[in-house]
Trainee: 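Could you have a look at this structure, given as structure tokens, before my questions?
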Amino acid sequence: MLERTKIIGLLNSGQAQESVLLKGWIRTLRESKDFSFIELNDGSCLSNIQIIVDSVVDNYKEIAKLSTGAAISVTGELVESPGKGQKWEVRATAVEILGVSPDDFPLQKKRHTDEYLRTIAHLRPRSNKYGAIFRIRSKLSFAIHKFLQERDFQWIHTPIITGSDCEGAGEMFNVTTLDLDNIPKKAGAVDYEQDFFGKQASLTVSGQLSVETFCLSLGNVYTFGPTFRAENSNTSRHMSEFWMIEPEMAFADLKDDMALGQEFVQYLIKYTLEECAEDLELFAKFVDKNLMSTLENIINNDFIRFSYTDAVDLLQKSGQKFEYPVVWGSDLQSEHERFLTEKHFKQPVIVYDYPKDIKAFYMRLNDDEKTVAAMDILVPAIGEIIGGSQREERYDMLQKRINDMNFDEADYWWYLDTRKYGTVPHAGFGLGFERLLMLVTGITNIRDVIPFPRTPKHLEF
RNA sequence: UCCCCGGUAGCUCAGUCGGUAGAGCGGGUGACUGUUAAUCACUAGGUCGGCAGUUCGAGCCUGUCCCGGGGAGCCA
């Protein structure tokens, strides 16, 4: 019994092959009286392989009537193509129809808008562009593990369901089995004691607090998985469900954190350039003409490091008109970040040592007592791709920060414990996986780099 | 959530001054001995996002709702 060969294998074949079996979906079919050309794709690579079906083949009439989207199985001979445009082609000896595709198949042999393709997210990976995106997404997922594992980081599976309503990174989705039409109440409030976990439960907004506990036992660790934010954000850079990589290093400070962030981003881009060259070419050609020079620029230069205070100073003296004024103590606006990365430096910028009042409670207070050891890596077009910090490892300082922010200390008992027993300096960051994919592909809407995007009021598929 | 732009054939769009609808692609049928998003001929396909209003007459003007996009805030 002949085994199926993937199209990528056939196209890279070193020699002709007498007998091959391949299966895939028809991209286009060009029919003439005596034979037809079929462009077949099986998802193994961007390229199609050309199949020649002679009219002497038994079911030729049926085959010639097939259209874009149909699935077939082909037995034939791999031969050098006499035509221009491809090295190899398959001369079919038999074609089996696996699944027809009626004429209302929504993907046509032409370019569609991303907005339209989003409405058929179950079929869009059958297009060239989306096939390429999701092959790159898979490769990059692997590269993330490869990079971190090669540096002895251990992957920690932090929970998706969490009992902390205090992870400090935005609104959370509730997880409940309570009957929403008949919610049990106690003293006017929801009685969570009757809920599944006996307390309020949510979907995680970040694995950081959990992964820190493992950092302070296994050393260098990371999480990589989905996170959830119930924010009513309607932008091309936000989703309710997205994937995040959060490395955490023991015995490390903010400098180490910034170094890891830069090395990581540069590694991932290099990896894509080497391992996804064919797919990447599509984006350089059709999505962003400057993609290659942008990526080359990122991997060949150190990221600019600039303290928040210096950044504010630079922005104030820039002479640039901003809609929002630049004031020390308030967060940088999108327009400010864009000015730094796109106009002034024209490359990734790491801004560090932010005012403590605009950052999370767990970030380490600097000696000036006004700023914390936080850093954001900003890239052109996308903005913040990494947000990280050295963590506050001093028990008293952490306790004070929790109280200053009017959080309930009791909620953080286990987190505080890690500072009580054998605390050490440590640092980490969160890298938005989809934002990384946007950077690498030049895609400008985050909904187009995840298989089934979840955003406010959108839960189809 | 706020601001701006848009919604016309299956898809991408045009539609002038308010006078009842157009193209390309796709589909169907036919032609074609090597095509490359093939080509050529013919052909079918429309509640102009919904509702209400102004007008003799609305795709076009007004109101409102729905949907999509861009920008902002929040952040990754």
Side-chain angles (χ1 to χ4, degrees), chain A residues 27-39 47-55 64-65 67-69 79 81-86 89 91 101-120 127-128 167-171 205-208 224 226-246 261 286 322-324 330-338 358-360 376-379 382-388 429-439 444-450 455-458 460:
Chain A
R27 281 298 171 73
T28 84
L29 186 148
R30 292 180 287 274
E31 180 210 346
S32 64
K33 199 165 78 183
D34 295 328
F35 52 85
S36 293
F37 299 94
I38 294 175
E39 297 281 338
S47 299
N48 308 317
I49 195 160
Q50 178 164 281
I51 316 275
I52 285 79
V53 188
D54 200 275
S55 60
K65 270 198 182 146
S67 56
T68 306
V79 297
S81 175
K84 281 184 182 164
Q86 63 279 318
E89 65 185 26
R91 250 165 216 291
S101 179
D103 60 31
D104 58 355
F105 182 64
L107 289 169
Q108 301 177 7
K109 294 179 259 187
K110 64 166 204 163
R111 286 169 75 181
H112 292 286
T113 58
D114 293 321
E115 293 77 33
Y116 172 66
L117 290 168
R118 226 171 277 151
T119 68
I120 48 166
S127 67
N128 288 339
E167 288 173 354
E171 291 293 311
V205 293
S206 160
Q208 184 200 312
F224 180 23
T227 47
F228 308 87
R229 306 268 167 100
E231 305 280 356
N232 188 15
S233 293
N234 292 289
T235 81
S236 51
R237 303 184 307 283
H238 294 87
M239 288 185 295
S240 314
E241 176 179 317
F242 64 99
W243 285 57
M244 191 154 63
I245 303 105
E246 296 174 281
F286 297 117
F322 293 113
E323 195 186 330
Y324 293 87
S330 55
D331 213 351
L332 298 179
Q333 303 289 316
S334 286
E335 55 172 344
H336 305 146
E337 297 179 354
R338 293 183 93 104
I358 57 170
K359 288 291 180 182
D376 284 354
I377 300 187
L378 312 174
V379 295
I382 294 156
E384 184 179 344
I385 194 169
I386 279 179
F429 59 76
L431 166 62
F433 186 47
E434 284 77 19
R435 289 193 181 171
L436 173 75
L437 281 164
M438 293 168 78
L439 178 67
T444 54
N445 195 313
I446 198 164
R447 292 166 203 141
D448 297 332
V449 296
I450 193 166
T455 53
K457 301 274 185 288
H458 293 274
E460 194 67 56

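Computed from heavy atoms alone, side chains included, the values below leave out hydrogens, waters and symmetry copies. By convention in this document, chain letters (A, B, ...) are assigned in the order of the sequence lines, proteins followed by strands, and residues within each chain are numbered from 1.
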Trainee: Please determine if a side-chain N or O atom of A:Q108 lies less than 4.0 Å away from the OP1 or OP2 oxygen of B:G10.
Mentor: no
Trainee: For A:R30 and B:C32, is the shortest distance between a side-chain N/O and OP1 or OP2 below 4.0 Å?
Mentor: no
Trainee: Identify whether a stacking contact exists between A:F242 and B:A76, where the ring centres must be under 5.5 Å apart and the planes under 30° apart.
Mentor: yes
Trainee: Establish, with yes or no, whether the OP1 or OP2 oxygen of B:C74 is under 4.0 angstrom from a side-chain nitrogen or oxygen of A:R237.
Mentor: no
Trainee: Considering every strand and a 4.0 Å limit on heavy-atom distances, what is the contact class for A:T68: base, sugar-phosphate, or nothing?
Mentor: nothing
Trainee: Specify the residue among A:E39 and A:D34 whose closest nucleotide of RNA chain B lies further upstream toward the 5′ end.
Mentor: A:D34
Trainee: Before accepting this row, confirm whether a basic side-chain N of the pair A:E39/A:R30 lies closer than 4.0 Å to the acidic partner's carboxylate O.
Mentor: yes
Trainee: Working to the nearest 0.5 angstrom, can you tell me the gap between A:R447 CZ and A:D114 CG?
Mentor: 11.5 Å
Trainee: Once you measure the plane-to-plane angle for A:F37 and A:F35, does it fall in the parallel (<30°), tilted (30-60°) or perpendicular (>60°) bin?
Mentor: perpendicular
Trainee: Is any side-chain N or O of A:N234 closer than 4.0 Å to OP1 or OP2 of B:G69?
Mentor: no
Trainee: Indicate, with a heavy-atom threshold strictly under 4.0 Å, whether A:H112 touches base, sugar-phosphate, or nothing.
Mentor: sugar-phosphate
Trainee: Tell me: NZ of A:K109 to C1' of B:G24, nearest whole Å?
Mentor: 15 Å
Trainee: Assign each of A:T235 and A:K33 to its nearest nucleotide of RNA chain B by heavy atoms, then name whichever residue's nucleotide is nearer the 5' end.
Mentor: A:K33
Trainee: Please state the C1' separation for the pair B:C74 and B:U64 - nearest whole angstrom.
Mentor: 30 Å
Trainee: On the side chain of A:E31, is there an atom forming a donor-acceptor pair with the base of B:G30 - under 3.5 Å, no angle test?
Mentor: no
Trainee: Let me know the distance between CE of A:M239 and P of B:A76, rounded to the nearest Å.
Mentor: 14 Å
Trainee: Does B:U20 sit syn or anti, given that only angles within 90° of 0 count as syn?
Mentor: syn
Trainee: Do the side-chain N or O atoms of A:S233 get closer than 4.0 angstrom to the phosphate oxygens (OP1, OP2) of B:C74?
Mentor: no
Trainee: Tell me: CZ of A:F105 to C1' of B:G28, nearest whole Å?
Mentor: 18 Å
Trainee: Can you tell me how far apart CD (A:E246) and CZ (A:F429) are? Round to the nearest 0.5 Å.
Mentor: 10.0 Å
Trainee: Give a yes/no answer on whether the side chain of A:H458 brings an N or O atom under 4.0 Å of OP1 or OP2 in B:G68.
Mentor: yes
Trainee: Output the rounded distance in Å from CD (A:E171) to C1' (B:G73).
Mentor: 14 Å
Trainee: Atom CZ of A:R229 and atom C1' of B:C74: how far apart are they, to the nearest Å?
Mentor: 10 Å
